[in-house]
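A short worksheet on the structure shown next.
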Amino acid sequence: MRSLLFVPGDSPKKLDKGLSSGADALIVDLEDSVAADRKAEARATALAFLQGAAKKAHRPRLFVRVNALDTGLTDEDLDAVVAGKPDAIMLPKAAGGVSVTHLHAKLSAREAIAGLPDAAIGIIAIATETAASLFTTDTYGGSSPRLTGLTWGAEDLSADLGAEANRDERGDFLDPYRLARVLCLAGASAAGVTAIDTVYVDFRNEAGLCREAEEARRDGFTAKMAIHPAQVAIINDVFTPNAEAIAQAESIIAAFETQPGAGVVGIGGKMYDRPHLVRAQQLLARAAAAKSV
């Protein structure tokens, strides 16, 4: 999974368009992109979309971003969409592993009612949208077997901090949000789940998106969220290992296979140790996953 595209849950037209966007996953949004007086309509629209999309032979993964646990709206969201068998629920404003455990219990009850297997629906948590949540990013490990990914957000965090901006004049994140990004990445790695980079809101700035995606991939993220279909192709390209990277990874793996007891191998005048082997194996796994999409 490389690209996750947000689509408003109350727009059948945009939801249908999302299916042909090329995104590896669609995030059917019941939260920020849906006005308060359209929540009920969005739930019904989301369920109909999930049920229709499930019949398609080839489709992206289907996630639903529900409203946060402290809004009082989560139960209604889940009551509406679980019957549509989404692949995962995205939980905004998560407050650490305890929030994931809470959502896990809610899903278990509704899966039983809907006749679905236990833990059929995964969870992706947005881990950094409040100041308090920054201190809980190390608590996700073991919180639920449903947890498949962590991502982070800067917009709600900037509001919670009372900040005037979250990016500088060049478009780079300022220090509080760089910290949130690092904590999310480390939290995902510690929990053994996918690290997903946040959205790039200047959706007409293709160069800026490409640069930010490349920096995210460099640091260890393996996917990125999008807010516009035009961003999907760029994200997919950046997070798909290219031929040169694949060849390099294959050469590292081959060198260690010929010297299974070695801690270090030499290739072309450079030395590679066991961490390089692990990274090479991870890259080939991502390449194989990209091919299967």
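Heavy atoms only: backbone and side chains are in, while hydrogens, waters and symmetry mates are out.
- The side-chain heavy atoms of L174 and N166, taken from C-beta on, include no pair separated by under 4.5 Å.
- Residues P86 and I121 approach most closely at O-CG1, 3.5 Å, considering heavy atoms.
- Between D29 and K14, no side-chain nitrogen of the basic residue sits less than 4.0 Å from a carboxylate oxygen of the acidic one, so the salt-bridge criterion is not met.
- The pair E215-R181 fails the salt-bridge criterion, with no side-chain N (NZ, NE, NH1 or NH2) lying under 4.0 Å from an Asp/Glu carboxylate O.
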Next item on the list: Could you check V193 against Y140 for side-chain contact (heavy atoms from CB on, under 4.5 Å), going step by step and ending with a plain yes or no?
Entry: CA-CA 9 Å; V193 299; Y140 286 97; over 6 Å; no
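- Summarising the geometry, atom CE belonging to M225 is positioned 11.5 Å from atom CZ belonging to F63; distances are rounded to the nearest 0.5 Å.
- Between A94 and A125, the closest heavy-atom pair is CB-CB, 4.0 Å.
- Contact check on D168 versus R170 returns no salt bridge, with no Lys/Arg side-chain nitrogen under 4.0 Å from an Asp/Glu carboxylate oxygen.
- In this structure, I89 and L103 approach most closely via the heavy-atom pair CG2-CD2, 4.0 Å.
- At a threshold of 4.5 Å between non-hydrogen side-chain atoms, the residues D32 and R65 count as touching.
- Here the CD1-CD1 distance, from I124 to I27, works out to 6.5 Å after rounding to the nearest 0.5 Å.
- Summarising the local packing, NZ of K106 is surrounded by more than 12 heavy atoms from other residues, nucleotides or ligands at distances under 6.0 Å.
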Checklist line | Stepwise side-chain contact (heavy atoms from CB on, under 4.5 Å) test for F49 and D16 | finding: CA-CA 8 Å; F49 172 73; D16 288 339; 4.0 Å; yes
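- Of the inter-residue distances, the one linking S158 atom OG with Y177 atom OH reads 4.5 Å to the nearest 0.5 angstrom.
- Here the side chain of T198 pairs a donor or acceptor atom with the backbone of W152 at under 3.5 angstrom.
- L4 and F239 fall into different hydrophobic clusters, where Ile, Leu, Val, Met, Phe, Trp and Tyr are joined by side-chain heavy atoms under 4.5 Å apart, directly or via other members.
- Salt bridge D24/R61: absent, no basic N to carboxylate O contact under 4.0 Å.
- When all heavy atoms of S99 and A95 are compared, the closest pair comes out as OG-N, 2.9 Å.
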Next item on the list: Mind running side-chain contact (heavy atoms from CB on, under 4.5 Å) on V28 and L15 for me, showing each step along the way?
Entry: CA-CA 8 Å; V28 180; L15 288 166; 3.9 Å; yes
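- The stretch residues 152-164 participates, sequence neighbours left out, in these salt bridge (charged side-chain N to carboxylate O under 4.0 Å, His left out) pairs: K93-D156.
- Proximity of a side-chain donor or acceptor of S108 to a complementary backbone N or O of H104 within less than 3.5 Å is detected.
- T258 places a side-chain N or O within donor-acceptor distance of the main-chain N or O of A255, the cut-off being under 3.5 Å.
- Within 6.0 Å of atom CD in Q281, more than 12 heavy atoms from other residues, nucleotides or ligands are found, so the atom counts as buried in its surroundings.
- In this structure, the separation between OG1 on T74 and CD on E31 is 9.5 Å, given to the nearest 0.5 Å.
- Enclosure of atom CZ in R178 is not indicated, since only 12 or fewer non-hydrogen atoms of other residues, nucleotides or ligands lie within 6.0 angstrom.
- Although no hydrogens or angles enter the test, the distance criterion places a donor-acceptor pair under 3.5 Å between the side chain of E111 and the main chain of A119.
- Using modelled atom types, no side-chain atom of T45 and backbone atom of P12 make a donor-acceptor pair closer than 3.5 Å.
- L107 and L69 fall within a single hydrophobic cluster, where Ile, Leu, Val, Met, Phe, Trp and Tyr side chains are chained together by heavy-atom contacts under 4.5 Å.
- Side-chain N or O atoms of Q259 include none that pairs as donor or acceptor with a backbone N or O of V265 at under 3.5 Å.
- Counting non-hydrogen atoms of neighbouring residues, nucleotides and ligands closer than 6.0 angstrom, the CZ atom of R204 reaches no more than 12 such neighbours.
- For the pair D79/R43, no side-chain contact is recorded, criterion being any heavy-atom separation below 4.5 Å from C-beta on.
- Between R167 and Y200, the closest side-chain pair of non-hydrogen atoms falls below 4.5 Å.
- Counting only heavy atoms from C-beta outward, the side chains of Y272 and L277 never approach each other to under 4.5 Å.
- Following chains of ILVMFWY side-chain contacts shorter than 4.5 Å, one cannot reach I227 starting from V34, and the two form parts of different hydrophobic clusters.
- At least one donor-acceptor pair under 3.5 Å links the side chain of T101 to the backbone N or O of S143.
- By the 4.0 Å N-to-carboxylate-O rule, D77 lies too far from R110 to be salt-bridged with it.
- Atom CG of N67 sits about 10.0 Å away from atom CG of L78, to the nearest 0.5 Å.
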Next item on the list: Take L50 and K85 through the test side-chain contact (heavy atoms from CB on, under 4.5 Å) and record every step on the way to the result.
Entry: CA-CA 7 Å; L50 292 170; K85 304 177 185 178; over 6 Å; no
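- Cluster annotation: V66 is connected to L116 through the hydrophobic network of ILVMFWY side chains, with a link wherever side-chain heavy atoms come within less than 4.5 Å.
- Hydrophobic cluster membership of M271, counting Ile, Leu, Val, Met, Phe, Trp and Tyr whose side-chain heavy atoms lie under 4.5 Å apart directly or via other members: V264.
- The main-chain N or O of S133 is found under 3.5 Å from a side-chain atom of T130 such that the two form a donor-acceptor pair.
- Nearest heavy-atom pair across G18 and S21 is O-OG, 2.7 Å.
- In terms of hydrophobic clustering, with Ile, Leu, Val, Met, Phe, Trp and Tyr side chains grouped at heavy-atom distances under 4.5 Å, V201 and I126 are assigned to a common cluster.
- For the side-chain contact (heavy atoms from CB on, under 4.5 Å) criterion with K224, the lone passing option out of R2, E212, R217 is E212.
- Of all non-hydrogen atoms in P8 and S33, the two that sit nearest each other are CA-OG, 3.4 Å.
- Taking OG1 of T148 as the start and CD1 of I123 as the end, the distance is 8.5 Å to the nearest 0.5 Å.
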